[in-house]
Amino acid sequence: MSSRSKKKYLLVLGREALDRDSSLYQEVLGNLELNGFEIVFDPMDRIRFAFMRKIGPGKFLGKHLLLPIWRSLYVVFVQRQLIDFLLFVFNRISSLEFRTRVASAYIRILSNHTSHLVVLARSAGSIVISSIANQIEVEHIFCLGYPFKHPEEGDAEFRTAHLAEIQKPMVIFQGERDPYGGREILSHYRLSSQIHLSFIDVDHDFNLNEKDLFLVTSEIEKVLSKCT
């Protein structure tokens with residue numbers, strides 16, 4: 001496929017509590033000048049969004065039975081990741097590692113017909129993309145609220161150890177009142193020179209006022225406009 005026929009993608013990788021971020025995505029994505037980029041969602045997110053529209057987030061049967069079955073069918077029969085699926089089922093890898101492998105496989109497929117790939121990640125999605133950033137073709141990463149630590153469980157190596165080695169440009173918009181890490185992260189974690197931190201007066205739910213929404217979308221648009 002020629003470079004002219006390839007598309008420019010803004011890949012969105014969401015948090016685990018995806019239903020709580022619908023308004024945030026509407027605000028940020030709805031106010032972006034995309035400059036020719038097409039918005040695509042991580043397979044797990046896309047399935048969860050479709051599922052919530054049809055079933056609703058609050059129904060027990062759908063949330064705890066049908067959704068896992070739906071996601072499993074996608075991983076096994078569409079992406080053909082039977083081994084990864086079995087490792088997850090038998091608790092040999094965590095749910096985050098499983099999601100990371102699914103996202104990595106999806107990005108490899110996407111890269112075959114992509115001229116530019118920029119990622120917008122949210123919370124746990126930021127761990128997913130940053131942990132594989134050096135192994136994939138991605139031009140820029142934006143994170144809305146990175147979970148540097150767990151409010152009750154504290155630090156964990158899987159959250160931050162790889163951040164010192166990031167080789168791709170990465171902007172983290174971080175809440176000053178975020179229980180997953182506020183301004184104290186500047187002196188607590190070793191970060192790659194490729195990572196830029198921009199602090200905003202929000203908590204982890206990321207309820208942006210008009211000024212901060214403009215700040216976030218403007219920074220993303222600067223990158224998208226340069227990808228020609």
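We're numbering straight along the sequence, starting at 1. Here the structure is a predicted model, which means the values were calculated and not measured.
When the side chains of ILVMFWY residues are joined at heavy-atom separations under 4.5 Å, either directly or via intervening members, L29 and V202 end up in a single hydrophobic cluster. Note on F158: it clusters hydrophobically with I172, by side-chain heavy-atom contacts below 4.5 Å among ILVMFWY residues. Cluster annotation: I185 is not connected to Y180 through the hydrophobic network of ILVMFWY side chains, with a link wherever side-chain heavy atoms come within less than 4.5 Å. Hydrophobic clustering of Ile, Leu, Val, Met, Phe, Trp and Tyr side chains at less than 4.5 Å, counting indirect connections, keeps V12 apart from I109. The same ILVMFWY cluster, assembled from side-chain heavy atoms under 4.5 Å apart, contains both V78 and V102.
From Y146, atom OH reaches atom CG of L163 across 4.0 Å, with rounding to the nearest 0.5 Å. Atoms OG and CG, on S23 and D205 in that order, are 9.0 Å from each other to the nearest 0.5 Å. For the atom pair L215 CG and N209 CG, the distance stands at 9.5 Å (nearest 0.5 Å). Put simply, CZ on F37 and CG on L11 are 11.5 Å apart, with the number rounded to the nearest 0.5 Å. Distance CZ/F142 to CD1/I129: 13.0 Å, rounded to 0.5 Å. Of the inter-residue distances, the one linking L120 atom CG with I220 atom CD1 reads 5.0 Å to the nearest 0.5 angstrom.
By the 4.5 Å heavy-atom criterion applied to side chains, F206 and E27 are not counted as neighbours. Annotation: side chain of Y74 is in contact with side chain of Q79 (closest heavy-atom distance under 4.5 Å). Using a 4.5 Å heavy-atom threshold, the side chains of I127 and P147 count as touching. The shortest side-chain heavy-atom distance between L208 and F173 does not fall under the 4.5 Å cut-off. S192 is not listed as a side-chain neighbour of Q167, based on a closest heavy-atom distance of 4.5 Å or more. Contact check for I200 versus V216: side-chain heavy atoms found under the 4.5 Å cut-off. Contact check for V171 versus H140: side-chain heavy atoms found under the 4.5 Å cut-off.
Residues I166 and A133 approach most closely at CD1-CB, 4.3 Å, considering heavy atoms. When all heavy atoms of L32 and L10 are compared, the closest pair comes out as CD1-CD2, 3.8 Å. Residues R101 and L87 share a closest heavy-atom pair of NH1-CD1, 3.5 Å. When all heavy atoms are compared, the tightest approach of S126 to C143 is OG-CB, 3.3 Å. Among all heavy-atom pairs drawn from K168 and V138, the shortest one is CD-O, 3.6 Å. Considering every non-hydrogen atom in both G14 and Y25, the closest pair reads CA-OH, 2.9 Å.
R177 contributes a side-chain N or O that, together with a main-chain N or O of D201, makes up a donor-acceptor pair within less than 3.5 Å. Checking side-chain atoms of N134 against main-chain N and O of E165 turns up a donor-acceptor pair under 3.5 Å. R46 places a side-chain N or O within donor-acceptor distance of the main-chain N or O of F41, the cut-off being under 3.5 Å. Proximity of a side-chain donor or acceptor of S104 to a complementary backbone N or O of T100 within less than 3.5 Å is not detected. Under a 3.5 Å cut-off, the side chain of E221 and the backbone N or O of E33 do form a donor-acceptor pair. In this structure, N35 contributes its side chain and L224 its backbone to no donor-acceptor pair below 3.5 Å. Not one N or O on the side chain of E137 forms a donor-acceptor pair closer than 3.5 Å with the backbone of L117. Between the side chain of R183 and the main chain of E176, no donor-acceptor pair closer than 3.5 Å is present. Between the side chain of K7 and the backbone N or O of E38, no donor-acceptor pair lies under 3.5 Å. Under the 3.5 Å distance criterion, the side-chain polar atoms of Q174 are matched with a main-chain donor or acceptor of G181.
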Quick one: do F88 and V75 satisfy side chain to side chain contact (heavy atoms under 4.5 Å, CB included)? Show the steps, please.
-> CA-CA 11 Å; F88 170 65; V75 171; over 6 Å; no
| request: Evaluate side chain to side chain contact (heavy atoms under 4.5 Å, CB included) for Y189 paired with D155, printing each intermediate quantity in order. | output: CA-CA 10 Å; Y189 303 102; D155 292 323; 2.4 Å; yes
| said: For a side chain to side chain contact (heavy atoms under 4.5 Å, CB included) check, start with the C-alpha distance between E219 and S198, then their side-chain angles and the critical distance, and finish with the verdict. | reply: CA-CA 10 Å; E219 288 298 312; S198 181; 6.0 Å; no
**Study point:** Verdict with reasoning, I132 to I107, per side chain to side chain contact (heavy atoms under 4.5 Å, CB included)
**Key:** CA-CA 10 Å; I132 59 176; I107 291 171; 4.2 Å; yes
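Salt bridge D45/R99: present, at least one basic N to carboxylate O contact under 4.0 Å. Comment: K149 engages E184 in a salt bridge, judged by a side-chain N to carboxylate O separation of less than 4.0 angstrom.
A 6.0 Å sphere centred on CZ of F214 holds no more than 12 heavy atoms belonging to other residues, nucleotides or ligands. Heavy atoms from other residues, nucleotides or ligands lying under 6.0 Å from CG of L186 number more than 12.
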